[in-house]
2 protein chains.
Amino acid sequence: MKIQIFGRDAEGGEGLKMEEPEKVRKPAGVKNRLLASCDQENPCKIPPSYKISMETLEKVERLMREDVSDTVAILKVLSDPMRLRILKALRIEDLCVCVLVELMNCEYSKLSYHLKLLKEAGLIDCTQDGNFLIYHLTESGEKKVTSFGIF
Amino acid sequence: MKIQIFGRDAEGGEGLKMEEPEKVRKPAGVKNRLLASCDQENPCKIPPSYKISMETLEKVERLMREDVSDTVAILKVLSDPMRLRILKALRIEDLCVCVLVELMNCEYSKLSYHLKLLKEAGLIDCTQDGNFLIYHLTESGEKKVTSFGIF
DNA sequence: TTAATATTTCAAAAATATTTGAAATATTGA
DNA sequence: TCAATATTTCAAATATTTTTGAAATATTAA
(Lines give C-alpha, C1' and ligand atoms only; values in the text may rest on other atoms or scores of the structure.)
Protein backbone atom coordinates (compact mmCIF):
# COMPACT_ATOMS: atom_id res chain seq x y z
CA MET A 1 0.00 0.00 0.00
CA LYS A 2 1.29 3.43 -0.90
CA ILE A 3 0.24 6.86 0.23
CA GLN A 4 0.53 10.23 -1.37
CA ILE A 5 1.47 13.07 0.89
CA PHE A 6 0.51 16.63 0.17
CA GLY A 7 2.06 19.84 1.47
CA ARG A 8 1.61 21.30 4.88
CA ASP A 9 -1.84 22.30 5.91
CA ALA A 10 -2.87 24.48 8.79
CA GLU A 11 -3.41 22.02 11.66
CA GLY A 12 -5.57 18.90 11.13
CA GLY A 13 -9.31 19.49 11.23
CA GLU A 14 -9.02 23.26 10.95
CA GLY A 15 -10.90 23.15 7.65
CA LEU A 16 -9.28 25.19 4.88
CA LYS A 17 -6.67 22.91 3.33
CA MET A 18 -4.60 24.36 0.55
CA GLU A 19 -3.45 21.81 -1.91
CA GLU A 20 0.09 22.37 -3.02
CA PRO A 21 1.36 20.93 -6.31
CA GLU A 22 1.55 17.15 -6.18
CA LYS A 23 4.84 16.15 -4.74
CA VAL A 24 5.77 12.79 -3.37
CA ARG A 25 7.83 12.95 -0.24
CA LYS A 26 10.00 10.28 1.25
CA PRO A 27 10.53 11.33 4.83
CA ALA A 28 12.77 9.77 7.44
CA GLY A 29 12.03 8.22 10.82
CA VAL A 30 8.59 7.03 11.73
CA LYS A 31 7.20 8.20 8.44
CA ASN A 32 9.47 5.80 6.64
CA ARG A 33 7.58 2.82 7.77
CA LEU A 34 4.27 4.30 6.86
CA LEU A 35 5.33 5.59 3.48
CA ALA A 36 8.07 3.13 2.73
CA SER A 37 7.05 2.14 -0.79
CA CYS A 38 6.11 5.57 -1.99
CA ASP A 39 8.69 6.88 -4.45
CA GLN A 40 9.25 7.67 -8.09
CA GLU A 41 9.53 4.17 -9.54
CA ASN A 42 6.70 3.02 -7.33
CA PRO A 43 4.09 5.71 -7.80
CA CYS A 44 1.39 6.05 -5.15
CA LYS A 45 -2.06 4.81 -5.96
CA ILE A 46 -4.61 6.37 -3.69
CA PRO A 47 -8.16 7.47 -4.27
CA PRO A 48 -8.48 11.08 -5.48
CA SER A 49 -10.42 12.18 -2.42
CA TYR A 50 -7.78 10.92 -0.09
CA LYS A 51 -5.19 13.47 0.87
CA ILE A 52 -3.27 13.67 4.07
CA SER A 53 -0.66 16.16 5.16
CA MET A 54 2.61 15.50 6.92
CA GLU A 55 1.40 17.49 9.90
CA THR A 56 -1.75 15.47 10.28
CA LEU A 57 0.13 12.25 9.84
CA GLU A 58 2.64 13.20 12.48
CA LYS A 59 -0.11 14.23 14.84
CA VAL A 60 -1.86 10.92 14.43
CA GLU A 61 1.35 9.00 14.87
CA ARG A 62 2.03 10.85 18.08
CA LEU A 63 -1.42 9.91 19.34
CA MET A 64 -0.82 6.29 18.42
CA ARG A 65 2.16 6.21 20.71
CA GLU A 66 0.24 7.52 23.71
CA ASP A 67 -0.37 4.99 26.41
CA VAL A 68 -4.02 4.02 26.70
CA SER A 69 -3.67 1.18 29.16
CA ASP A 70 -5.05 3.09 32.14
CA THR A 71 -8.10 4.14 30.21
CA VAL A 72 -8.59 0.64 28.89
CA ALA A 73 -8.26 -0.81 32.35
CA ILE A 74 -10.94 1.39 33.82
CA LEU A 75 -13.25 0.88 30.85
CA LYS A 76 -12.83 -2.88 31.16
CA VAL A 77 -13.86 -2.75 34.77
CA LEU A 78 -16.87 -0.61 33.98
CA SER A 79 -18.04 -2.70 31.04
CA ASP A 80 -19.95 -5.33 32.93
CA PRO A 81 -23.61 -5.19 33.92
CA MET A 82 -23.02 -6.51 37.39
CA ARG A 83 -20.24 -4.10 38.19
CA LEU A 84 -22.16 -1.20 36.75
CA ARG A 85 -25.11 -2.05 38.92
CA ILE A 86 -22.96 -2.36 41.99
CA LEU A 87 -21.60 1.11 41.35
CA LYS A 88 -25.08 2.50 40.80
CA ALA A 89 -26.20 1.06 44.09
CA LEU A 90 -23.19 2.32 46.01
CA ARG A 91 -23.76 5.80 44.65
CA ILE A 92 -26.97 5.85 46.63
CA GLU A 93 -25.81 4.13 49.77
CA ASP A 94 -22.95 2.22 51.31
CA LEU A 95 -23.96 -1.41 51.34
CA CYS A 96 -22.73 -4.57 52.96
CA VAL A 97 -22.01 -7.64 50.88
CA CYS A 98 -25.01 -9.46 52.24
CA VAL A 99 -27.40 -6.80 50.98
CA LEU A 100 -25.64 -6.61 47.64
CA VAL A 101 -25.97 -10.35 47.29
CA GLU A 102 -29.72 -10.03 47.64
CA LEU A 103 -29.96 -7.01 45.39
CA MET A 104 -27.90 -8.63 42.64
CA ASN A 105 -29.53 -11.95 43.25
CA CYS A 106 -26.32 -13.92 42.95
CA GLU A 107 -23.85 -16.13 44.76
CA TYR A 108 -21.44 -14.66 47.27
CA SER A 109 -18.41 -15.89 45.37
CA LYS A 110 -19.60 -14.32 42.16
CA LEU A 111 -20.30 -10.99 43.77
CA SER A 112 -16.99 -11.19 45.56
CA TYR A 113 -15.17 -11.57 42.26
CA HIS A 114 -16.74 -8.42 40.88
CA LEU A 115 -16.20 -6.48 44.08
CA LYS A 116 -12.57 -7.44 43.90
CA LEU A 117 -12.17 -6.04 40.40
CA LEU A 118 -13.89 -2.81 41.37
CA LYS A 119 -11.73 -2.53 44.44
CA GLU A 120 -8.51 -3.25 42.56
CA ALA A 121 -9.49 -0.51 40.14
CA GLY A 122 -9.76 1.84 43.09
CA LEU A 123 -13.42 2.55 42.43
CA ILE A 124 -14.72 1.11 45.67
CA ASP A 125 -13.41 0.17 49.07
CA CYS A 126 -14.84 -1.33 52.21
CA THR A 127 -14.82 -0.97 55.95
CA GLN A 128 -15.22 -3.85 58.30
CA ASP A 129 -17.78 -4.00 61.04
CA GLY A 130 -17.66 -7.26 62.87
CA ASN A 131 -18.31 -9.99 60.41
CA PHE A 132 -19.61 -7.53 57.87
CA LEU A 133 -17.89 -5.69 55.07
CA ILE A 134 -19.55 -2.48 54.07
CA TYR A 135 -18.61 -1.28 50.64
CA HIS A 136 -18.56 2.32 49.47
CA LEU A 137 -17.50 4.29 46.41
CA THR A 138 -14.09 5.84 46.85
CA GLU A 139 -13.69 9.52 46.18
CA SER A 140 -11.83 8.78 42.97
CA GLY A 141 -14.47 6.20 42.06
CA GLU A 142 -17.18 8.77 42.61
CA LYS A 143 -15.32 11.17 40.34
CA LYS A 144 -14.65 8.66 37.59
CA VAL A 145 -18.15 7.30 37.58
CA THR A 146 -19.49 10.83 37.37
CA SER A 147 -17.04 12.00 34.74
CA PHE A 148 -17.87 9.07 32.50
CA GLY A 149 -21.42 10.35 32.67
CA ILE A 150 -22.63 6.80 32.59
CA PHE A 151 -25.58 6.95 34.90
CA MET B 1 -28.67 -12.87 56.06
CA LYS B 2 -31.15 -10.55 57.67
CA ILE B 3 -31.49 -6.81 57.57
CA GLN B 4 -32.87 -4.33 60.00
CA ILE B 5 -34.91 -1.54 58.52
CA PHE B 6 -35.27 1.83 60.13
CA GLY B 7 -37.94 4.47 59.65
CA ARG B 8 -38.25 6.84 56.71
CA ASP B 9 -35.49 9.32 56.08
CA ALA B 10 -35.55 12.37 53.87
CA GLU B 11 -34.28 11.07 50.50
CA GLY B 12 -31.08 8.99 50.36
CA GLY B 13 -27.86 10.98 50.59
CA GLU B 14 -29.55 14.20 51.76
CA GLY B 15 -27.54 14.05 54.96
CA LEU B 16 -29.66 14.56 58.10
CA LYS B 17 -31.11 11.15 58.87
CA MET B 18 -33.36 10.95 61.86
CA GLU B 19 -33.30 7.61 63.52
CA GLU B 20 -36.69 6.51 64.69
CA PRO B 21 -37.08 3.96 67.47
CA GLU B 22 -35.91 0.52 66.42
CA LYS B 23 -38.69 -1.25 64.66
CA VAL B 24 -38.44 -4.27 62.46
CA ARG B 25 -40.62 -4.10 59.40
CA LYS B 26 -41.79 -6.92 57.25
CA PRO B 27 -42.90 -5.33 54.01
CA ALA B 28 -44.53 -6.97 51.00
CA GLY B 29 -43.49 -7.25 47.37
CA VAL B 30 -39.91 -6.84 46.29
CA LYS B 31 -38.83 -6.12 49.79
CA ASN B 32 -40.01 -9.52 50.83
CA ARG B 33 -37.20 -11.24 49.03
CA LEU B 34 -34.62 -8.95 50.46
CA LEU B 35 -35.92 -9.00 53.98
CA ALA B 36 -37.55 -12.39 53.99
CA SER B 37 -36.09 -13.73 57.21
CA CYS B 38 -36.38 -10.57 59.24
CA ASP B 39 -39.11 -10.89 61.83
CA GLN B 40 -39.74 -11.28 65.54
CA GLU B 41 -38.70 -14.90 66.04
CA ASN B 42 -35.78 -14.42 63.72
CA PRO B 43 -34.24 -11.20 64.92
CA CYS B 44 -31.99 -9.33 62.50
CA LYS B 45 -28.30 -9.45 63.11
CA ILE B 46 -26.56 -6.58 61.47
CA PRO B 47 -23.66 -4.41 62.54
CA PRO B 48 -24.67 -1.41 64.65
CA SER B 49 -23.38 1.09 62.09
CA TYR B 50 -25.46 -0.40 59.36
CA LYS B 51 -28.84 1.23 58.94
CA ILE B 52 -30.84 1.49 55.82
CA SER B 53 -34.26 3.05 55.27
CA MET B 54 -37.12 1.67 53.24
CA GLU B 55 -36.87 4.65 50.91
CA THR B 56 -33.22 4.09 50.19
CA LEU B 57 -33.76 0.41 49.74
CA GLU B 58 -36.56 1.00 47.29
CA LYS B 59 -34.50 3.52 45.42
CA VAL B 60 -31.62 1.11 45.06
CA GLU B 61 -33.92 -1.69 44.00
CA ARG B 62 -35.40 0.53 41.31
CA LEU B 63 -31.92 1.27 40.03
CA MET B 64 -31.08 -2.42 39.98
CA ARG B 65 -33.94 -3.01 37.59
CA GLU B 66 -32.79 -0.38 35.12
CA ASP B 67 -31.40 -1.75 31.91
CA VAL B 68 -27.67 -1.18 31.57
CA SER B 69 -27.07 -3.25 28.45
CA ASP B 70 -26.62 -0.29 26.11
CA THR B 71 -24.09 1.29 28.39
CA VAL B 72 -22.27 -1.98 28.85
CA ALA B 73 -22.21 -2.57 25.11
CA ILE B 74 -20.60 0.76 24.35
CA LEU B 75 -18.13 0.42 27.21
CA LYS B 76 -17.14 -3.03 25.99
CA VAL B 77 -16.41 -1.66 22.55
CA LEU B 78 -14.36 1.16 24.00
CA SER B 79 -12.37 -1.01 26.37
CA ASP B 80 -9.71 -2.20 23.98
CA PRO B 81 -6.42 -0.46 23.22
CA MET B 82 -6.64 -1.00 19.50
CA ARG B 83 -10.16 0.33 19.21
CA LEU B 84 -9.38 3.27 21.44
CA ARG B 85 -6.42 4.15 19.26
CA ILE B 86 -8.48 3.86 16.11
CA LEU B 87 -10.98 6.29 17.55
CA LYS B 88 -8.23 8.66 18.60
CA ALA B 89 -6.82 8.64 15.10
CA LEU B 90 -10.18 9.14 13.43
CA ARG B 91 -10.87 12.12 15.65
CA ILE B 92 -8.00 13.86 13.91
CA GLU B 93 -8.61 12.69 10.38
CA ASP B 94 -10.64 10.31 8.26
CA LEU B 95 -8.36 7.44 7.38
CA CYS B 96 -8.42 4.56 4.95
CA VAL B 97 -7.85 1.03 6.13
CA CYS B 98 -4.45 0.86 4.49
CA VAL B 99 -3.16 3.80 6.53
CA LEU B 100 -4.69 2.47 9.70
CA VAL B 101 -2.98 -0.84 9.11
CA GLU B 102 0.37 0.91 9.03
CA LEU B 103 -0.43 3.11 11.99
CA MET B 104 -1.60 0.21 14.10
CA ASN B 105 1.12 -2.00 12.76
CA CYS B 106 -1.13 -5.00 12.40
CA GLU B 107 -2.71 -7.43 9.95
CA TYR B 108 -5.61 -6.36 7.82
CA SER B 109 -7.87 -9.05 9.19
CA LYS B 110 -7.18 -8.04 12.73
CA LEU B 111 -7.84 -4.41 12.06
CA SER B 112 -10.95 -5.33 10.14
CA TYR B 113 -12.31 -7.19 13.13
CA HIS B 114 -11.96 -4.13 15.34
CA LEU B 115 -13.34 -1.79 12.72
CA LYS B 116 -16.35 -4.03 12.47
CA LEU B 117 -17.05 -3.82 16.20
CA LEU B 118 -16.70 -0.05 16.16
CA LYS B 119 -18.96 0.17 13.15
CA GLU B 120 -21.58 -2.13 14.64
CA ALA B 121 -21.58 0.05 17.72
CA GLY B 122 -22.34 3.01 15.47
CA LEU B 123 -19.17 4.83 16.47
CA ILE B 124 -17.60 4.85 13.04
CA ASP B 125 -18.64 4.39 9.45
CA CYS B 126 -16.89 4.37 6.10
CA THR B 127 -17.26 5.63 2.58
CA GLN B 128 -15.93 3.80 -0.40
CA ASP B 129 -13.64 5.33 -2.98
CA GLY B 130 -12.64 2.80 -5.56
CA ASN B 131 -10.89 0.00 -3.84
CA PHE B 132 -10.45 2.02 -0.69
CA LEU B 133 -12.59 2.31 2.40
CA ILE B 134 -12.20 5.54 4.26
CA TYR B 135 -13.35 5.41 7.84
CA HIS B 136 -14.68 8.30 9.86
CA LEU B 137 -16.22 8.91 13.26
CA THR B 138 -19.98 9.14 13.07
CA GLU B 139 -21.69 12.10 14.62
CA SER B 140 -22.97 9.95 17.45
CA GLY B 141 -19.53 8.40 17.79
CA GLU B 142 -17.99 11.83 18.05
CA LYS B 143 -20.49 12.72 20.75
CA LYS B 144 -20.03 9.54 22.74
CA VAL B 145 -16.28 9.63 22.58
CA THR B 146 -16.34 13.23 23.73
CA SER B 147 -18.92 12.71 26.44
CA PHE B 148 -16.95 9.84 27.91
CA GLY B 149 -14.12 12.33 28.21
CA ILE B 150 -11.67 9.58 27.48
CA PHE B 151 -9.08 11.36 25.44
C1' DT C 1 -13.42 -23.25 73.74
C1' DT C 2 -16.89 -24.17 69.89
C1' DA C 3 -20.37 -23.20 66.52
C1' DA C 4 -22.29 -19.94 63.49
C1' DT C 5 -21.92 -16.33 60.33
C1' DA C 6 -20.08 -13.26 56.51
C1' DT C 7 -17.08 -13.14 53.30
C1' DT C 8 -13.09 -14.38 50.39
C1' DT C 9 -10.15 -17.48 47.89
C1' DC C 10 -9.12 -21.06 44.79
C1' DA C 11 -9.02 -24.02 40.94
C1' DA C 12 -11.66 -26.14 37.39
C1' DA C 13 -15.24 -25.51 34.00
C1' DA C 14 -17.74 -22.61 30.89
C1' DA C 15 -18.34 -18.68 28.25
C1' DT C 16 -16.49 -14.84 25.47
C1' DA C 17 -13.31 -12.31 22.95
C1' DT C 18 -9.32 -11.96 20.01
C1' DT C 19 -5.90 -13.43 16.74
C1' DT C 20 -4.47 -15.81 12.75
C1' DG C 21 -4.03 -17.04 8.03
C1' DA C 22 -6.28 -18.52 4.06
C1' DA C 23 -9.92 -17.76 0.94
C1' DA C 24 -13.66 -14.75 -0.81
C1' DT C 25 -15.29 -10.27 -2.74
C1' DA C 26 -15.29 -6.25 -5.22
C1' DT C 27 -13.07 -2.69 -7.72
C1' DT C 28 -9.70 -0.88 -10.79
C1' DG C 29 -6.59 -0.63 -14.64
C1' DA C 30 -4.50 -2.90 -18.43
C1' DT D 1 -11.29 -10.00 -20.36
C1' DC D 2 -7.59 -10.66 -16.60
C1' DA D 3 -4.42 -9.54 -12.98
C1' DA D 4 -3.65 -6.64 -9.13
C1' DT D 5 -5.21 -4.36 -5.19
C1' DA D 6 -7.87 -3.24 -0.82
C1' DT D 7 -10.56 -5.08 2.17
C1' DT D 8 -13.64 -8.41 4.45
C1' DT D 9 -15.07 -12.92 5.93
C1' DC D 10 -14.54 -17.33 7.94
C1' DA D 11 -13.25 -21.02 10.88
C1' DA D 12 -9.81 -22.75 13.84
C1' DA D 13 -6.53 -21.73 17.45
C1' DT D 14 -5.55 -18.81 21.54
C1' DA D 15 -6.31 -15.98 25.16
C1' DT D 16 -9.07 -13.80 28.54
C1' DT D 17 -12.92 -13.34 31.50
C1' DT D 18 -16.57 -15.12 34.18
C1' DT D 19 -19.01 -18.58 36.77
C1' DT D 20 -19.23 -22.28 39.97
C1' DG D 21 -18.95 -24.71 44.17
C1' DA D 22 -16.08 -26.22 47.75
C1' DA D 23 -12.85 -24.97 51.14
C1' DA D 24 -10.43 -21.36 53.84
C1' DT D 25 -10.51 -17.23 56.96
C1' DA D 26 -11.86 -14.31 60.37
C1' DT D 27 -15.10 -12.57 63.55
C1' DT D 28 -18.72 -12.97 66.79
C1' DA D 29 -21.72 -15.27 70.13
C1' DA D 30 -22.50 -18.90 73.19
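Just so we're clear, the structure is a prediction, and the values are computed from it rather than from any experiment. Below, chain A is the first sequence line, B the second, and so on; all start at residue 1.
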For the pair made of [atom1] in [X] and [atom2] in [N], what is the distance, rounded to whole Å?
X: B:Ile134; N: C:dT27; atom1: CD1; atom2: P; answer: 15 Å
X: B:Lys76; N: D:dT17; atom1: NZ; atom2: C1'; answer: 9 Å
X: B:Tyr113; N: C:dA22; atom1: OH; atom2: C1'; answer: 19 Å
X: B:Leu111; N: C:dG21; atom1: CG; atom2: P; answer: 16 Å
X: A:Leu95; N: C:dA6; atom1: CG; atom2: P; answer: 16 Å
X: B:Tyr108; N: C:dA22; atom1: OH; atom2: P; answer: 17 Å
X: B:Glu107; N: D:dT8; atom1: CD; atom2: C1'; answer: 14 Å
X: A:Leu75; N: D:dT16; atom1: CG; atom2: P; answer: 18 Å

Sub-3.5 Å donor-acceptor pair from the side chain of A:Thr138 to the main-chain atoms of A:Gly122, do we have one? yes
B:Glu61 (side chain) donor-acceptor with B:Leu63 (main chain) under 3.5 angstrom: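 Not a single qualifying donor-acceptor pair exists.
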Sequence neighbours excluded and cut-off under 3.5 Å, please list the side-chain donor-acceptor pairs for residues 74-83 of chain B, or say none.
{"unit_1": "B:Lys76", "atom_1": "NZ", "unit_2": "A:Ser79", "atom_2": "O", "d": "3.2"}
{"unit_1": "B:Ser79", "atom_1": "OG", "unit_2": "B:Leu75", "atom_2": "O", "d": "3.2"}
{"unit_1": "B:Ser79", "atom_1": "OG", "unit_2": "B:Lys76", "atom_2": "O", "d": "3.0"}
{"unit_1": "B:Asp80", "atom_1": "OD1", "unit_2": "B:Met82", "atom_2": "N", "d": "2.8"}
{"unit_1": "B:Asp80", "atom_1": "OD1", "unit_2": "B:Arg83", "atom_2": "N", "d": "3.0"}
{"unit_1": "B:Arg83", "atom_1": "NE", "unit_2": "B:Val77", "atom_2": "O", "d": "2.6"}
{"unit_1": "B:Arg83", "atom_1": "NH1", "unit_2": "B:His114", "atom_2": "ND1", "d": "3.1"}
{"unit_1": "B:Arg83", "atom_1": "NH2", "unit_2": "B:Lys76", "atom_2": "O", "d": "3.2"}

Could you please name the option among [options] that lies closest to any side-chain atom of [X]?
X: B:Lys110; options: C:dT7, D:dT8, C:dT20; value: C:dT20
X: A:Arg83; options: C:dT18, C:dT8, D:dT18; value: D:dT18
X: A:Ser109; options: C:dT19, C:dA22, D:dA22; value: D:dA22
X: B:Val97; options: D:dT7, C:dT8, C:dT9; value: D:dT7

Can you find a side chain N or O atom of B:His114 that sits less than 4.0 Å from OP1 or OP2 on C:dT19? yes
Under 4.0 Å, heavy atoms only, any strand: does B:Leu117 hit a base, just the sugar-phosphate, or nothing? sugar-phosphate
Connected via hydrophobic side-chain network under 4.5 Å: B:Val101 and B:Leu103: yes
Show the nearest heavy-atom pair for residues A:Met64 and B:Ala89, with the distance to one decimal. CE-CB, 3.7 Å
Closest non-hydrogen atom pair, B:Tyr135 against B:Leu90: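 Between these two residues, the closest heavy atoms are O-CD2, 3.5 Å.
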Which atoms of nucleotides 26-30 of chain D (N or O only) lie under 3.5 Å from a protein N or O atom, and what are those distances?
{"unit_1": "D:dT27", "atom_1": "O2", "unit_2": "A:Asn131", "atom_2": "OD1", "d": "3.3"}
{"unit_1": "D:dT27", "atom_1": "O2", "unit_2": "A:Asn131", "atom_2": "ND2", "d": "3.1"}

Please step through side-chain contact (heavy atoms from CB on, under 4.5 Å) for the pair B:Lys119 and B:Asp125, ending with a clear verdict. CA-CA 6 Å; B:Lys119 193 168 169 211; B:Asp125 203 356; 3.2 Å; yes
